[in-house]
Structures are given as structure tokens and as C-alpha cells.
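Scroll down for the structure; my scribbles are underneath it.
To find a chain, count down the sequence lines: A is the first, B the second, and so on, and within it residues start at 1. Note that these values count all heavy atoms, side chains included, but never hydrogens, waters or copies made by symmetry. Note that this is a predicted model, so its numbers are computed, not measured.
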Amino acid sequence: MPERGDPMATDDQEATGTEREKTFDHLSIEKKWQDWWLAHGTFRADDASPKPKFYVLDMFPYPSGAGLHVGHPEGYTATDIVSRYKWMCGFEVLHPMGWDAFGLPAEQYALQTGIHPEITTRRNIDNFRRQIRALGLGYDWDREVATCDPDYYRWTQWIFVKLFERGLAYQADMTVNWCPGLGTVLADEEVTAEGTSERGGFPVERRPMRQWMLRITAYAERLLADLDGLDWPESIKDMQRNWIGRSEGAEVDFEVEGLPGERLRIFTTRPDTLFGVTYMVLSPEHPLVDRITTPERAADVRSYVDAARRKTDVERSDATKEKTGVATGGFAVNPVNGQKVPIWVADYVLISYGTGAIMAVPAHDTRDFEFATRHGIPIVEVVSPDGRPRGPLPEAWVGEGIAINSGSYDGMRTADFKAAITRDLAARGIGEAKVNWRLRDWVFSRQRYWGEPFPLVHKADGTVVAIPEDELPLTLPRVESYKPAGTGESPLANIPEWVEYRDRATNDMIGRRETHTMPQWAGSCWYYLRYVDPRNDRAPVDGVKERRWMPVDLYVGGAEHAVLHLLYARFWHKFLYDIGVVSTTEPFRKLVNQGLILGEDGVKMSKSRGNVVNPDDVVARFGADSMRTYEMFMGPLEVVKPWSTQGIVGVRRFLERVWRLFQGEVTDEPAPIALRRALHKTIRKVTQDIERMRFNTGIAQMMTLVNEAYKEEKRHREVLTGLVLCLSPFAPHLGEELWERLGHEPPVCRAQWPSFDPALVAEDEVKVVFQVNGKLRGDVTVPVDTPDDELKALALAHENVVRHIEGKPVRKVIVLRNRLVNVVV
RNA sequence: GCGAGAGUGGCGGAAUGGGUAGACGCGUCAGAUUUAGAUUCUGACGGCUCUAAUAGGCCACUGUGGGUUCGACUCCCACCUCUCGCACCA
């Protein structure tokens, strides 16, 4: 790629003389205005400003070693356009940027090179900041935060302590993927389908290990209910609803034969199918498995349970595989009809949902049907769409209908039956209505180095206490080696002087510090609050400032965070609301997801495919303004779309045309009416399109205006002024430069947004089209609001219309004022 | 399997409280300018047809097949394809 200037011309097209510049030198213009904005603090948000606030937020990036890719500037440009527009409309805009700086890649790199993650992270942040500035993005850099900064994570730890104090953080033994070969715990994505580690190919086993958990389930109801009031894409809200997974049903107790007093409790959403139960299933981890199993079945059951334990989550949750299971030899008694049904153990039942045991109704559940068919278990039909039995079923009927084979309940509709039997079971003390959630508590610890340390101490007596608030932040110690300890603990466990927690006065040993660290999600759960008050050393955020800026008015980022980050952040926000730190129940009022930018070949950009476009190269060759405007012109923001180098050439060409329009003499004469109309339509369109975030059509309208302007001999000041104001949020460097050259005081991004004259936008003449039987047969240009009967007369007199209706009787004439006349024959 | 969304020229995409389909840009071709190339400017780019030419006319067309309507890219039904998310949650 060429290193400088003019991306179109090949050589010798030197710009000479300020009046005759045929092209603009983006490198010098960009540097000039980026320095200017920085020197003037243009994008600093004033907490005390009397103007109404507008808070625009980007999902902050993980500063990877690879630097920015072209996907980042897409969302950032969109928010930058909105920010500049809102400033121009008179808002005080908060538009900050920061770094999601803890995380695995830096630690992995440290493992390979021995360079401390802090050093590489700082280096990467500097590079990201440079790249973001080079795009002319207007951020308030005074509010920059990094989650790995002790002044920041002090408050992440503080929030954790509050969660801990209120019983929302607890320890539990969770089954995890443990890889002895690597000496570490692995995430599900790091384990292959064969049950080996992706790196190294070592065997991975399932092992229960102590983990810190956050009780997000305590907020399930509110997290679900409050989605309704959010201006978010419906698809994202649906994904969160599915993830939370509220499910209404009943828990029912079954007696176990031979174990008097013991009850097997199950959860079902279909208590109306109780008469169709033909077997029961326990999950392999269910505590009753051993006691229910008969001696002659013990060997089979034990080997099945052992095999299930060895499987990874990925293997066990593969719904397409055949359903396995073994009979325990034990029986349960159906409480509605006293029937004995066999109890099986099968790994298609999960210990982590409901009670870890189910009643199986093969006639009306696809999974039970599949299992029963495979193991020769009877199938009893108890629901029918029309109340008549249908004989042997080819597959499970999971719909609702009318009860059959259900004793005195026969003939009831599903919904009524559910209510009735739940009530009857409750009256007998063997059941109750129950709501279950798919959402699980959040595994909040990682056995890693590069994350926030837990501010907790395990005392000798087994209790766990938080360290005093004045000892925060609890900083990460420097380590020699980043290798995991090999015991499933983090590298921190290898540093005795850090782990041993002693009384500050007496030096007596009090206990041992927690050596796990927090997951990467922790820091991103509340960063949007810290921007509001980034240097506060007494609280995570000051209450007055919080009420000044929150909630976030517009949040833009990738859809890959649809569930995890956005759900975790909502959870923490609600908790902070409960303890009085924030004043709103939801953090993000409006959410927009930008679509992925694919490579020029139409597939996802990746190093291995060699289709990655580097923003540095694009900015150097075409300029930041071209890059920004092109990314917005590619198509709707939310849509996935391929990069096109030809496309950016076209946008650069447009900006050159704008540039040349400003060369030479500018007249103060009023523009011809047609051009003035075009200008006002453009102002209207661009204003609406920024509000709707449909930037592509706004840019198209500006292109149309420029094409119109070129048809005139003269350059009219009013047109140039309006154009540069509209264009400036998209191409801010060019905007500032042209604004200054028009003789205005910079910066253009604080000028007033132009308004349009409704009288000029309204047409005084319209083209009305004539149809015969819906087919276009002619048109006429008439003054607006020409009366219907006049239009009808014109249509019926039109030569071509007459030709098409001749000989046929006119049945009906439909007249739509200012639009069309349709003659039906 | 379940849930959500999308199918429009050679390409990216416009237009949906039903009313001129293809704005704007890319690309291709031709012409003007230029020593030449690049840049810039003008025009053409579904098929057929009329005319000396201009203007004009006819037909087809928004994934497929039906339906509603004077009129459907837009609404309804069925199907096909693609993308994304979840994936044994009882």
C-alpha cells in the first residue's frame, strides 16, 4: 500500500495553491484536527453543564495484541456520529472509552514469553488508543478506565464484598473439566468431543472442585420481568428470556417401594399427564440412586453411573445421541392410581435442573418416547386433541388437548386439569405448584493469575471473611511463573508470602487468602458506572453524578454479548440498586447490535484465510473519513455485510467531489429553488436517519445533493453550509476543514445542527400515475392537491389510457390524491 | 429439534399504515478531455418493438407455489434456501 496521500491518482497530481486543490491530503487534515480536538478538550463531558445529558456507550474492547480490526470502528463510528449530532443538537454528551483489560490471552502470552501481562496489556492499550484516535472518534479521554488498574478493580472487589456480605456469593463444589496433563481447569469450549484437551490432546476428566458462585438466580424474576420495558432488539430480549427460562409446573412426591417414609420428588410441567407415567428416571448423580438399586442390579448401575461421570458436559448434552440408561430394580408408586412403575437411571436427566428426577410419560414427551421405545417400556396415552384415543402413537403428542385414561379427570382440558390436579395433590400433602428456572448460579472463579483477586480470607476454623475495606484494593502480586499450580489452584497459590494473611499489628497468622481470581466478566459488569465518576476514591460512583448521567441512553456493541455480559451487568446493576449505589433498575435504555463485517470473499475475517482488513492500512490509504463514511454506507448497521475495497474507493470519490465543490468562488446569492429544496430535503433525511441510525440512506441523500449542486454553475453558500453541517458527523476532519474554510469558527462539531423549512420540503408539483387494471399506462405532472375529479378526467382523457380501455366498460375508477388514478375495466 | 431473522439487477443495497420496484454507490461498455494512462465529465447497461432520429409502445421481473385486493417486494397460507442463537431444562 502507498504510504501517503491521494489514493486515486498514481503520481504527480501535486496539489498546488489553496484555491485549486483537486484533492485533499487526508493525512495532514486528520492530524491537524485530531490535535486540535485534543488540545481544546472538545469531547470532555461537563458534569455541571446545565444542558440535558445524553450518554452514549460502546462495548469496551479487550485490547488484544492484534490491534483493532475493521469490525470495531463500525460500532464506534455509529456512536460517534450520534454523539456529534447530539452535541450539535444542544446536549451535553458523555461518550467514554476504556479497556476490558483482564483476560486469558495476555496470560497465555506471558506463559510463552515470560513478559508480565501488565506490560503487554499496557502496550496493547496504547496501540488501541492510537488507532481509535486515528479514526477521529470523539471520546472523553479524561474518563478512560482499564479493568486491570488497581484504582478500578478496587471497586470491583468492593462490589464483590457487598455481594458476599449479603449472601449472594458462596462456595460450592461444581463439577468442572479438569485436565491433569495441563494441570488446569478447562472451559467446555477447550475440550474436544473426544474428551481430550484442545491444546496437547491430554485426557480431560470431570471432577468436583470448589468454586465461588454468584446467586444470580435470586434475581431471575426481576431480570425476566424488566426486559419488557427496554428498547432493545426483540431477538436479544428473547435470547435472554430463553436463557432465564422460566417454567411453571408442579413438584410431586412418589413413594418408593421398600423404602417407607422415603419420597422421590420430581418436577413436571405436565402434571396433567400423571396417569400416563410408565417409568421414572433419576439422574446418575441423584442421592437416592444407591438406596433404590437392588443388589442384583448394583453392578450395572454402578458402571453406568461411573461412565456418566467421566463424560464431559459436551458429550452428555448431545441431544442427538441415543438415550442410554439402566434399570435400578426399584419401583415407585404413582400417587394418582397406585400403580408400580420401574425406576431407571439415565443421563438424559440432569441433576442441576428441577429435582434431578423425572416422571416419564412416553406418550407425551419426545425424549421419554424415544427412551421407552428403545427399552421396551409401555406407552400409555392420556391426552388427545379431540378426546378420543388414537391407538399406537407413531411419536409423542406434546400438544394440549383433552384428558383420557385419567380416571375421574377424563374429559378435562389440559389447562384446567393442570390446575385441578396440582390443587388436589397439594391438599393431600404430596405436591405443590412450582416455578423452575433454567438459569443457573454463576460460576464466578477462575484458577488463573490475570484477574481480580478475591478479597477473602479462609480462616483456620473454616470460615471465610472479607478483608477490611481499607485494605482494598487487594493487588495482584508479581509472580515469577505464570504456570498454574498444578493442583487446580491459580498461580497465586504458589506465593506463600501473599497467601498467608497476618494481623497487621501482631503478625499473627489469621488465615489464607483465596487464590482464585474473578472471571473477565467481573470488570465489565459495571464499567459504564465508573465512566460517570472515574477518579472517585471514596465510592465506585458518586450519587449526584450517577443521577446526572445514568442510565445509558444508547449502548452499541456486538450481538455475541447478547446473553452473558448483558445479563451479568443487569444483575449487578439491580444489586447496586438494592444497596442504594444507583438510582435506576436497568443500566442500558436502548441497545443496538452492529453486524459483523465479513472479508472481501464474503466469509468471516480470519488470519488463516488471509482476508483480514487492517484499519491502519485503510486509514493510511483512504483516510479516516473515507473509512468511517464507507462503513456507514455499506448497509444497515445491524446487518452482516462483506467488506469491499471498491466500495471504499467510491466513498473516497464522493468526499473528493465534496472537496472540489468547495474550491473556487462561493456566492451569497440565494440558490435556485430546486437546489434549495434538495438541500432542505437532505437536512430532513439526514436528521431522521441519524435518529433512526439508518446511516446508509442518509449518506445516499447527501450524494444526491452533491450531484444536484454540481449541475449549477455557481457555488451557493447556503448549500455548502448545510451540506458541511450534515456531513460533519460522518467525515469530521473534512467537516472541520471545510467549515473553517467557509470562514466559520471551529469546531463544527459544536455548531448548531441545521433545521429544514417544511414549506421547502413540501412539493408544489407532483407526478400522478395512471393505471389501467393496476398496470402503469401513463403519468401527468400536476399541482399538489389537484382535486380527484380533475385527476379522473385527466386520466380518462390520456391517450394511452384510452387505448387500453377502448371497447371495455369502465367498472370503477380509484383516485388517490397526489399519487395515482387506477381505471378498472 | 426449538426459537429468531433474512431471501430484490453482475455486486453492496433503496423502497413496506399495499399505490411509478431497483434511490445511492460499485462494476461493465461507449464517448468527451488527455501525447498516453490515471483523474474528471457525459451516456448506456432485462427482453421485444416503433422511428430517419428524438419521443414512444408492449412484455417479463423482488426465493418457489397458492390466496386476499382495482392494485402485493409489502398482507395471509404452504414450501425451499441461508444466517444467528439455544440445544435432552422434564
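Annotation for V383(A) and T273(A): closest pair CG2-CG2, 3.9 Å, computed over non-hydrogen atoms.
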- Audit row: D368(A), K323(A), salt bridge (Lys or Arg N to Asp or Glu O under 4.0 Å) steps and yes/no: CA-CA 9 Å; D368(A) 299 344; K323(A) 291 188 176 24; over 6 Å; no

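Nucleotides G12(B) and A23(B), compared at atom C1', are 13 Å apart to the nearest Å. Comparing the P positions of A21(B) and U40(B) gives an interatomic distance of 33 Å, to the nearest angstrom. Distance check on atom P: C73(B) versus G7(B) gives 14 Å, rounded to whole Å. Spacing between A60(B) and C48(B) at atom P, rounded to whole Å, works out to 16 Å. Across U64(B) and U81(B), the matching C1' atoms stand 10 Å from one another, rounded to whole Å. Distance check on atom P: G13(B) versus G18(B) gives 26 Å, rounded to whole Å. Comparing the P positions of A52(B) and A38(B) gives an interatomic distance of 39 Å, to the nearest angstrom. Separating the C1' atom of C11(B) from that of U69(B) is a span of 35 Å, rounded to the nearest Å.
Although no hydrogens or angles enter the test, the distance criterion places no donor-acceptor pair under 3.5 Å between the side chain of H364(A) and the main chain of V398(A). At distances below 3.5 Å, not a single donor-acceptor pair connects side-chain atoms of K434(A) with backbone N or O atoms of V252(A). Of the possible donor and acceptor atoms, none in the side chain of R609(A) sits under 3.5 Å from a partner among the backbone N and O of K604(A).
In RNA chain B, runs of at least 3 stacked Watson-Crick or G-U pairs (N1-N3 plus N6-O4 or O6-N4, or N1-O2 plus O6-N3, all under 3.5 Å) give these stems: B:1-7 with B:80-86, B:10-12 with B:24-26, B:27-32 with B:40-45, B:46-49 with B:56-59, B:63-67 with B:75-79.
Within 6.0 Å of atom CD in E600(A), more than 12 heavy atoms from other residues, nucleotides or ligands are found, so the atom counts as buried in its surroundings. For CD of E799(A), the number of neighbouring non-hydrogen atoms (other residues, nucleotides, ligands) closer than 6.0 Å is 12 at most. Around the NZ atom of K792(A), the shell of radius 6.0 Å holds no more than 12 heavy atoms that belong to other residues, nucleotides or ligands.
Which of G19(B), C59(B), A14(B) sits closest to the side chain of L816(A) comes down to G19(B). Taking every side-chain heavy atom of R653(A) into account, U40(B) is the closest of U40(B), C24(B), G19(B). Closest approach to the M703(A) side chain among G71(B), G25(B), A90(B) is made by G25(B) (side chain taken as heavy atoms from C-beta onward). For D238(A), whose side chain is taken as the heavy atoms from C-beta onward, the closest listed nucleotide among C41(B), A4(B), C88(B) is A4(B). Here the side chain of N696(A) is nearest to one of A14(B), G71(B), C24(B), namely A14(B). Here the nucleotide nearest the side chain of L350(A), chosen from A90(B), C41(B), A15(B), is A90(B). Counting only heavy atoms from C-beta on, K323(A) has its side chain closest to C88(B) among C88(B), C86(B), A4(B). Which of C70(B), A87(B), G12(B) sits closest to the side chain of F633(A) comes down to G12(B). Closest to the Y348(A) side chain, of the nucleotides C70(B), C88(B), A15(B), is C88(B). Of all nucleotides listed (G25(B), A90(B), G19(B)), A90(B) comes nearest to the side chain of I358(A).
The phosphate of U39(B) has neither OP1 nor OP2 within less than 4.0 Å of any side-chain N or O from R652(A). Under 4.0 angstrom from either OP1 or OP2 of A4(B) there lies no side-chain N or O belonging to R241(A). Of the side-chain N and O atoms in N707(A), none sit less than 4.0 angstrom from OP1 or OP2 of A23(B). Between S247(A) and A90(B) there is a side-chain N or O to OP1 or OP2 distance below 4.0 Å.
Across all strands, Q771(A) comes closer than 4.0 Å to base atoms (heavy-atom distances). Across all strands shown, R819(A) has heavy atoms under 4.0 Å from sugar-phosphate atoms exclusively, and none from any base. Within the 4.0 angstrom heavy-atom criterion, no nucleotide atom of any strand lies near S644(A). Residue contacts for R440(A): at a heavy-atom cut-off of 4.0 Å it reaches a base atom on one of the strands shown. The residue H364(A) sits apart from the nucleic acid: no heavy atom pair falls under 4.0 Å. The residue D779(A) sits apart from the nucleic acid: no heavy atom pair falls under 4.0 Å. Within the nucleic acid shown, R803(A) comes within 4.0 Å of sugar-phosphate atoms alone, with no base atom in reach, counting heavy atoms only. Residue D368(A) is out of contact with every strand shown, counting any heavy-atom pair closer than 4.0 Å. Contacts of V349(A) with the nucleic acid, taken as non-hydrogen atoms under 4.0 Å apart, include base atoms. Counting non-hydrogen atoms under 4.0 angstrom, R246(A) reaches nothing in the nucleic acid.
In this structure, CG of L776(A) is placed 13 Å from C1' of G56(B), rounded to the nearest angstrom. If you measure from atom CD of E656(A) to atom P of C41(B), you get 11 Å, rounded to the nearest angstrom. Here the P atom of nucleotide U16(B) and the CZ atom of R694(A) are 9 Å apart, to the nearest Å. Atoms CD (E234(A)) and P (A6(B)) sit 13 Å apart, rounded to a whole Å. Between E765(A) atom CD and U20(B) atom P there is a gap of 19 Å when expressed in whole angstrom units.
The aromatic rings of W521(A) and H561(A) sit perpendicular, their planes meeting at an angle over 60°, well past the 30° parallel limit. Under the 30°/60° scheme for interplanar angles, the aromatic rings of F275(A) and F417(A) are found to be tilted.
G5(B) adopts an anti glycosidic conformation, its chi angle falling more than 90° from 0.
Residues N707(A) and R657(A) bring a donor and an acceptor atom of their side chains to less than 3.5 Å of each other. Side-chain contact annotation: N436(A) with S247(A), donor-acceptor N/O pair under 3.5 Å absent. When only modelled atom types and interatomic distance are considered, Y353(A) and S283(A) share no side-chain donor-acceptor pair under 3.5 Å.
No N or O donor and acceptor, one from the side chain of Q646(A) and one from the base of G12(B), sit under 3.5 Å apart.
Between W643(A) and Y630(A), the distance from one ring center to the other falls under 6.0 angstrom. Taking the six-membered ring where the residue is Trp, the centroids of Y279(A) and F371(A) are separated by under 6.0 Å.
Test Q594(A), E631(A), M632(A) against P73(A) for side chain to side chain contact (heavy atoms under 4.5 Å, CB included) and you get one pass: E631(A).
Residues G647(A) and T269(A) both approach RNA chain B. Their nearest nucleotides, taken by heavy-atom distance, put G647(A) toward the 5′ side. Checking S352(A) against K767(A), the closest nucleotide of RNA chain B that is more toward the 5' end is the one next to K767(A).
Of the residues in residues 683-691 of chain A, not one comes within less than 4.0 Å of RNA chain B through any heavy atom.
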- Can you check each nucleotide of nucleotides 76-85 of chain B against protein heavy atoms at under 4.0 Å and return B for base, S for sugar-phosphate only, - for none, in 5' to 3' order? ---------S

